[in-house]
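A short worksheet on the structure shown next.
Below, read A as the first sequence line, B as the second, and so on, with proteins coming before strands; counting in each chain starts at 1.
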There are 2 protein chains.
Amino acid sequence: MKPTLQTVADAVGVSRSTVSNAYSRPDQLSPALREKIHEAARRLGYPGPDPTARSLRRGRVGAIGVLFTSALSYAFTDPYAVLFLRGVAESAERHGSGLLLVPLSEADEQAGIEAVRNAAVDGFCVYCVPASHAALDVTRSRGLPLVAAERPVEPGPDSMYVGIDEAAAARTVGSHLARLGHRRVAIVSDLLVAERRTGPVALDGPADIRYDVDVTRERLRGFAEGLAEGGVGWSDLFLVNAGTNSRAEGARAAGYALDRADRPTAVLAITDLLALGVLDALATRGLGPGRDVSVTGFDDIPEAAAAGLTTIRQPAVEKGAIAGRLLLDPPEDPAARQVLLPTDLVVRASTGPVERK
Amino acid sequence: MKPTLQTVADAVGVSRSTVSNAYSRPDQLSPALREKIHEAARRLGYPGPDPTARSLRRGRVGAIGVLFTSALSYAFTDPYAVLFLRGVAESAERHGSGLLLVPLSEADEQAGIEAVRNAAVDGFCVYCVPASHAALDVTRSRGLPLVAAERPVEPGPDSMYVGIDEAAAARTVGSHLARLGHRRVAIVSDLLVAERRTGPVALDGPADIRYDVDVTRERLRGFAEGLAEGGVGWSDLFLVNAGTNSRAEGARAAGYALDRADRPTAVLAITDLLALGVLDALATRGLGPGRDVSVTGFDDIPEAAAAGLTTIRQPAVEKGAIAGRLLLDPPEDPAARQVLLPTDLVVRASTGPVERK
DNA sequence: TTGAAAGCGATACCAA
DNA sequence: TTGGTATCGCTTTCAA
């Protein structure tokens, strides 16, 4: 039988309350008694108040939940996600809270719902989950503080949110390439369509927005608007869907564009990870980035610099840190609950003027 | 007032038990009543059974805790740690459990202890925590399943453990270099001494083992034994402590060795991350890896291959996955509770024969 | 198939 | 400073 508060109380000959105080409010006790209690606890192998019972009573758990689409392990595969998580972790740590990673399996939606229902947390951080995911409703219904990274989950003046102006940032990429003279342009992105396949897709235009993840849509819209400044129309864009946000699929997706007769002079990837794959695809074909084909990414993960990738820099760690802070200590002022972070276009060697042959 | 089971029960006009059954054992109810209950719950905004209360009653939480030394955010900084975590996450996900990251701050030991005490989990995975850390005792005292990665936390026949033969693996590194003719050798490692500073240190020898983290000690012992095969004695080794296990500190630490008058012909780093830093230091000085100075790492993180680093490959993701599995479903057979994984010496371009000038 | 009652282990208020 | 008592919200026999 595992020892409980009661066990210790009986052993010492005091009440439960007193033992509880010995742990939770040491100053409410005479040092002598406190020591006596701790000593007895040690002797009996009492590990201290049960966290679950304590949480139930206190109404506070001491952990925040982070929701992830796709496999939980994805969190550790995408460098950008890792940076974001790291920021969240820093805030949580400072606050003495743990970080509960909530699996949101793609294959089994019901499992994700259960996971959210069962998550013992004080608040949720939603990161890059498709708006249609049923688990989002469940998350909201938990009635806990909720902060969305990338996109407001619950529209409304007091919903919490930390993100960037995706479209505006993407627009700078588009106009950068437009100014360089690019007219034949391909875009590589995941989540363009519901299916997880890699290959060209046709979309009617930015007006016909059916993408599920707002980030995708907004970036795409930005790309298109920026390129339009150079006269590149929507119909001039060659869209390739990537099955997953990974380097390998980025390379595969790029292949569909690069192997066309009228090869694009620029490939815009919607994430750095995909862009690195695009660079791989160039290398395979003996094409020079920024010379034969310009390539851009988005996020500015550490690898991007080494690869000389032109991309959008956004403060990933800081974004996570802010998300954590909002969650653990929601500001009174509604205006402070919605944070928009700055971004920069970082121009490196992977983009250059289109060659006039 | 937040709705509870009771709220719903009252609304429908049934007892709490019945509502509880509607959620936890749907088959114990007539479909009609069940639907009626769910409908009422929806209407009242009842999010389903409270996870904390449920955990308390059931005695099971549905999450496993992972302990990390140093800042919690370190988990996301070290590529090897990320791989390991990913394995743990995969196992947890398959089991429908969450992953609670437990911060074990270095600065504030008491905070770490509290974090362990408060962690609502069904088991702990201890990863690379110094044996002396007070939180370890607390972890053990929780009386939950406990699996150690890297090193048995609670010695004993039924303690759970997944790791590699650190010393044997390190020995292959040492003898590899010995065979290549290296006699002036430096070792770069974190945790050689208690202080977190970067710089040369003197240790009496592998016999005088005072390192806190067993992994460090074992690898060091292996290095020494392997090198001894070529006649390199302990006193011939130049030891440099790295303040943290990071690329930057690896580079700094390497500087102390590389800038000596009698520059070593080989630098053994105790992790790949440090080794990458050593390579950086070589590059800064215009020295060629494997030519002017041989460099080895340990772990074989993805970046190692690209850098052409000779290193020890160990199955990081699998290690994590096994740790998770042991925790969530401890095998009856005591022998199956201790898993030793295979390792390989991967020879790449960063090591070569010593130049006879 | 449904309900009544007994906890799970702890905390907090209020007296003493 | 210490103790009594009433919960926290749910699950689980055991009867009905």
query: B:R57 CZ to C:dG9 P: how many Å, rounded?
result: 9 Å
- request: Look at B:S15 and C:dA4 and indicate whether a side-chain polar atom (N or O) is within less than 4.0 Å of OP1 or OP2.
  value: no
- request: Take B:L67 and B:C125 through the side-chain contact (heavy atoms from CB on, under 4.5 Å) test and state the conclusion after the steps.
  value: CA-CA 6 Å; B:L67 263 58; B:C125 175; over 6 Å; no
Given DNA chain D, 5'-ward residue of the pair A:N21 and B:P51, judged by closest heavy atom: A:N21
query: How close or far is atom P of C:dG7 from atom CG of A:L5, stated in whole angstroms?
result: 18 Å
- request: Flag the pair B:V317 / B:E90 as yes when at least one side-chain heavy-atom distance between them is below 4.5 Å, and no otherwise.
  value: yes
field: Contact under 4.0 Å: B:T18 side-chain N or O vs C:dG3 OP1/OP2
entry: yes
task: Please examine the side chains of A:V12 and A:V19, heavy atoms only from C-beta on, and report whether any two atoms are closer than 4.5 Å.
output: no
query: How long is the span from the CZ atom in A:R25 to the OG1 atom in A:T18, to the nearest 0.5 Å?
result: 12.0 Å
Quick one: side chains of residues 113-121 of chain A, donor-acceptor pairs under 3.5 Å with protein atoms, not counting sequence neighbours, listed by atom name and distance.
residue	atom	partner	partner atom	Å
A:E114	OE2	A:R117	NH1	3.4
A:R117	NE	B:P47	O	3.3
A:N118	OD1	B:R54	NH1	2.9
A:N118	ND2	A:E114	O	3.3

- prompt: What's the shortest heavy-atom distance between A:D122 and A:P145, and which atoms?
  reply: O-CD, 3.2 Å
- prompt: What is the distance from NZ of A:K2 to C1' of C:dG9, rounded to the nearest Å?
  reply: 10 Å
message: Give me the atom names and distance for the closest heavy-atom approach of A:L144 to A:G123.
response: CB-CA, 4.1 Å
message: Does B:R16 contact C:dG3 through a side-chain donor or acceptor facing the base, at a distance under 3.5 Å?
response: no
- request: Kindly say whether, by distance alone, the side chain of B:S17 makes a donor-acceptor pair under 3.5 Å with the base of C:dA4?
  value: yes
- prompt: Can you give the first and last nucleotides of DNA chain D, 5' to 3', that have an atom under 4.0 Å from a heavy atom of chain A?
  reply: D:dT1 to D:dG9
message: Angle between ring planes, B:Y127 versus B:F84, binned at 30° and 60°: parallel, tilted or perpendicular?
response: parallel
- prompt: Where is the tightest heavy-atom contact between B:R337 and B:P330, given as atom of each residue plus distance?
  reply: NH2-CB, 4.0 Å
task: Could you list by number each residue of residues 23-49 of chain A showing a heavy-atom separation from DNA chain D of less than 4.0 Å, or answer none if no residue does?
output: A:Q28, A:L29, A:S30, A:L33
